Amino acid sequence: MTNAIVVVGAGVSGLTTALLLSKSNANVVTIIAKHMPGDYDIEYASPWAGANFLPMSTRENSRWERRTWPEIKRITEEVPEAGIHFQTARIFRRDKDMEGPSCPSDPMFDHDPWFQPVLPDYKELDAASLPAGHDSGCEFTSVCINTAMYLQWLVGQCIKNGVVLKRAVISHIREAKNYSHTGKPADIIVNATGLGSLKLGGVEDQAMAPSRGQIILVRNELHPMITTSGTEEGLPEILYTMQRPAGGGTILGGTYDIGNWESVPDPNIALRIMRRVVELCPEIAGGKGIDGLSVIRHGAGLRPYRKTGVRVERGKLDDGTHIVHNYGHAGWGYQGSYGCAEGVVELVNAIREENGESLVTEPK
Ligand code: FAD
C-alpha cells in the first residue's frame with residue numbers, strides 16, 4: 001500500500017519534510033508551490049535567511065532545534081556540496097537588554113542556555129574578549145548555510161528519492177488534493193506554506209504575522225560570526241553577521257519587525273545596519289568604515305512568525321482527508337527544519353497505523 005502525499009510549499013520546511021517522507025517506499029510525494037528555490041520574492045522567506053544556527057527556542061520547546069543539530073552537523077561534515085560550513089559564533093550581551101521588553105529571541109542570550117551541551121566548544125568569554133559596551137558573552141561552534149546552494153541541494157535530494165515538484169498556486173488547502181502526480185487524490189496533505197497560512201483558505205491562521213528582516217549581503221569577509229543582544233536604536237533593530245560558505249558573501253543584519261509587510265529595503269535602516277557592523281567590527285571594512293563595504297545586494301524577507309509558536313499538528317478536511325501542518329517557524333526555520341520534518345513523519349506514520357498499515361516497509 002502506498003500513500004499519495006502532496007506537500008504544499010517549497011521553502012526549507014516543505015523541502016525537508018518531503019525529503020524525510022520520501023525515505024519510505026510507502027510514501028509517494030509531490031511538492032507543489034508558488035515559489036521554488038532560485039526565486040527571490042517577499043512571499044518566500046527561505047532564500048533571505050542567513051542562515052545560521054543560533055538557538056531561539058526556550059528549553060521546554062527546544063525539541064525541534066535539538067533534533068536538527070545532529071543532521072545539520074553531519075551534512076556539514078560529510079556533504080560539502082550542500083553549502084554549509086562551520087563557523088565560530090560569538091554572542092555579546094548587554095545587561096540592559098536582558099531587563100528590557102522581551103526580545104523574541106531572548107533564550108539565545110541566556111547565561112546558562114540549554115544549548116550549552118549541544119553545540120560544540122561552548123564557553124563564556126572573559127572580559128578582555130568583549131567589545132566596548134557589552135557586559136558578557138559566549139562563543140561556540142555554529143554553522144552558516146549558503147541558502148542559495150542548500151535549497152537547490154535539497155531539491156536534488158528530493159528528486160533523487162522520486163519526489164515530483166510542480167508549480168501551483170492554491171487558494172484553499174483542499175485544492176492540494178488534486179495535485180498528486182500519481183493521478184489519484186492525495187491521501188495526506190502537508191501544509192508547509194509559511195506565512196501563506198495566514199490567508200490560505202481552510203487554514204487562515206490569525207496567529208500568523210510577518211517578522212520583517214532587512215539585510216545587506218556584502219563581499220567583505222568576517223570571522224567569527226557575531227550577534228548582540230540589542231542595539232542603541234532598540235527593537236526592531238538588531239545586529240548580527242555571518243559569512244556564507246563557497247563565496248556566498250557575508251550577511252549583515254538586521255531587523256526583527258513584527259507586523260511590517262514592506263518588501264522594499266529601507267535605505268535609512270540599511271545605513272544604520274552597516275554603521276553598527278563597522279563600529280563593532282572595523283576589520284570587516286579594513287578600517288575604512290561604511291566606504292570599505294562592497295555591497296552585493298540589499299534585501300528584505302518576512303519570517304513566518306506565529307504568536308502561539310510553531311504548528312506541527314494533524315487535522316482533517318471536511319471530506320476526511322488528512323492534513324499535517326508544519327509552519328510558523330519565525331526566525332529558526334533552518335535550525336529547526338529536521339526536527340519539525342521528523343515531527344511530520346511521526347504524525348504521518350500515526351495516520352498510516354490508524355489506517356491499518358504496517359510501518360515495516362523497506363526504506364529506499
Ligand atoms: P517559506 O520559505 O516562506 O516557503 C513557503 C512556501 O509555500 C513557498 O514555496 C511558497 O511559494 C509556498 N506557498 C505559500 N502559499 C502558497 C499557496 N497559496 N499556493 C502555493 N504555494 C504557496 N532561520 C534560521 O534557521 N536561521 C537563520 O539564521 C535565519 N535567518 C533569517 C533571516 C531573515 C532576514 C529571514 C527573513 C529569515 C531568517 N530565518 C532564519 C527564518 C527562515 O528563513 C524561515 O523560518 C524559513 O525560511 C521558513 O520556511 P518555510 O518553508 O516555512 O516558508
Side-chain angles (χ1 to χ4, degrees), residues 3-22 24 27 29-35 43-46 56-57 61-65 67-68 154 158 163 165 168-180 185-211 302-355:
N3 296 285
I5 302 180
V6 172
V7 176
V8 190
V12 68
S13 308
L15 292 170
T16 313
T17 304
L19 178 60
L20 296 202
L21 287 169
S22 69
S24 165
N27 300 326
V29 183
T30 311
I31 299 177
I32 61 164
K34 183 172 179 185
H35 304 96
E43 293 178 6
Y44 188 30
S46 293
M56 290 177 184
S57 52
N61 295 320
S62 60
R63 168 188 171 182
W64 315 117
E65 291 178 326
R67 296 287 305 170
T68 300
L154 279 176
C158 285
V163 175
L165 292 97
V169 185
I170 56 170
S171 54
H172 193 287
I173 192 68
R174 75 166 89 84
E175 294 166 32
K177 220 179 142 175
N178 304 321
Y179 280 96
S180 170
D187 301 296
I188 301 169
I189 296 167
V190 175
N191 171 30
T193 55
L195 190 53
S197 289
L198 174 63
K199 294 193 180 141
L200 181 60
V203 183
E204 293 155 308
D205 186 339
Q206 298 307 308
M208 291 299 296
S211 167
L302 304 181
R303 302 173 183 93
Y305 172 77
R306 189 166 184 261
K307 211 168 14 189
T308 43
V310 71
R311 186 174 185 200
V312 179
E313 201 174 276
R314 274 176 66 176
K316 269 189 187 176
L317 295 180
D318 293 345
D319 69 358
T321 308
H322 293 281
I323 171 158
V324 181
H325 299 280
N326 182 12
Y327 67 85
H329 307 81
W332 54 274
Y334 284 84
Q335 62 203 40
S337 55
Y338 285 93
C340 290
E342 191 182 70
V344 172
V345 172
E346 283 169 16
L347 295 172
V348 165
N349 285 347
I351 295 167
R352 289 170 53 195
E353 272 186 316
E354 283 165 25
N355 289 345

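For clarity, every value in this text was computed on a predicted model and none was experimentally measured.
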Next on the checklist: Could you walk me through whether Leu15 and Leu165 satisfy the side chain to side chain contact (heavy atoms under 4.5 Å, CB included) test, starting with their C-alpha distance in whole Å, then the side-chain angles of each, then the deciding distance to 0.1 Å, before giving a yes or no?
Outcome noted: CA-CA 10 Å; Leu15 292 170; Leu165 292 97; 4.2 Å; yes
Next on the checklist: Could you check whether atom CZ of Arg67 has more than 12 heavy atoms from other residues, nucleotides or ligands sitting under 6.0 Å from it?
Outcome noted: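 Count not over threshold, so no.
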Note, [X] side chain near [Y] side chain (heavy atom, < 4.5 Å):
X	Y	result
Ile189	Leu317	yes
Met208	Val203	no
Val324	Ile351	yes

Checklist entry - Is there a side chain to side chain contact (heavy atoms under 4.5 Å, CB included) between His172 and Leu200 once you walk through the steps? => result CA-CA 6 Å; His172 193 287; Leu200 181 60; 5.7 Å; no
Between [atom1] of [X] and [atom2] of [Y], what distance do you get to the nearest 0.5 Å?
X	Y	atom1	atom2	value
Cys340	Arg311	SG	CZ	13.5 Å
Ile173	Asn191	CD1	CG	4.5 Å
Ile323	Leu347	CD1	CG	12.0 Å
Arg306	Leu198	CZ	CG	11.5 Å
Glu342	Trp64	CD	CH2	8.5 Å
Tyr305	Leu195	OH	CG	12.5 Å

Item to check | salt bridge (Lys or Arg N to Asp or Glu O under 4.0 Å) evaluation trace for Glu43 with Lys199 | outcome: CA-CA 12 Å; Glu43 293 178 6; Lys199 294 193 180 141; over 6 Å; no
Checklist entry - Thr17 and side chain to side chain contact (heavy atoms under 4.5 Å, CB included): which partner among Val348, Val344, Val12, Val29? => result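 Of the listed options, the one satisfying the test is Val344.
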Checklist entry - Picking from Thr68, Leu154, Leu19, what satisfies side chain to side chain contact (heavy atoms under 4.5 Å, CB included) with Ser337? => result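 So, applying the side chain to side chain contact (heavy atoms under 4.5 Å, CB included) to Ser337 and each of Thr68, Leu154, Leu19, only Thr68 qualifies.
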Determine the minimum heavy-atom distance between [X] and [Y], stating which atoms define it.
X	Y	value
Ala168	Ile32	CB-CB, 4.0 Å
Ser57	Ser62	OG-CA, 3.4 Å
Tyr179	Thr30	O-CG2, 3.4 Å
Ala45	Pro304	CB-CD, 4.1 Å
His329	Asn326	NE2-OD1, 2.8 Å
Lys34	Val169	CG-CG2, 3.7 Å

Item to check | Evaluation steps, side chain to side chain contact (heavy atoms under 4.5 Å, CB included), between Asp187 and Ile5 | outcome: CA-CA 6 Å; Asp187 301 296; Ile5 302 180; over 6 Å; no
Item to check | Polar contact flag, side-chain donor to acceptor under 3.5 angstrom, Arg352-Asn355 | outcome: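 Side chains of Arg352 and Asn355: no pair found under 3.5 Å.
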Checklist entry - Does His322 have any ring-ring contact (aromatic ring centres under 6.0 Å, His included) partners at least two apart in sequence or in another chain, and if so, which? => result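 Partners of His322 under the ring-ring contact (aromatic ring centres under 6.0 Å, His included) test: none.
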Next on the checklist: I'd like to check the ring-ring contact (aromatic ring centres under 6.0 Å, His included) partners of Tyr334; sequence neighbours left out, ordered by chain and number.
Outcome noted: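 Listed in chain order: nothing, the list is empty.
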Next on the checklist: Go through it in stages, so that I can follow the logic: the residues are Glu346 and Arg63, the test is salt bridge (Lys or Arg N to Asp or Glu O under 4.0 Å), and I'd like the CA-CA distance, side-chain angles, deciding distance and then a yes or no.
Outcome noted: CA-CA 14 Å; Glu346 283 169 16; Arg63 168 188 171 182; 3.1 Å; yes
Checklist entry - Can you check salt bridge (Lys or Arg N to Asp or Glu O under 4.0 Å) on Arg174 and Asp319, steps first, answer last? => result CA-CA 9 Å; Arg174 75 166 89 84; Asp319 69 358; over 6 Å; no
Item to check | Listed partners of Thr16 passing side chain to side chain donor-acceptor pair (under 3.5 Å), at least two apart | outcome: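 Not a single residue meets the side chain to side chain donor-acceptor pair (under 3.5 Å) criterion with Thr16.
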Item to check | Evaluation steps, side chain to side chain contact (heavy atoms under 4.5 Å, CB included), between Val190 and Leu21 | outcome: CA-CA 10 Å; Val190 175; Leu21 287 169; 4.1 Å; yes
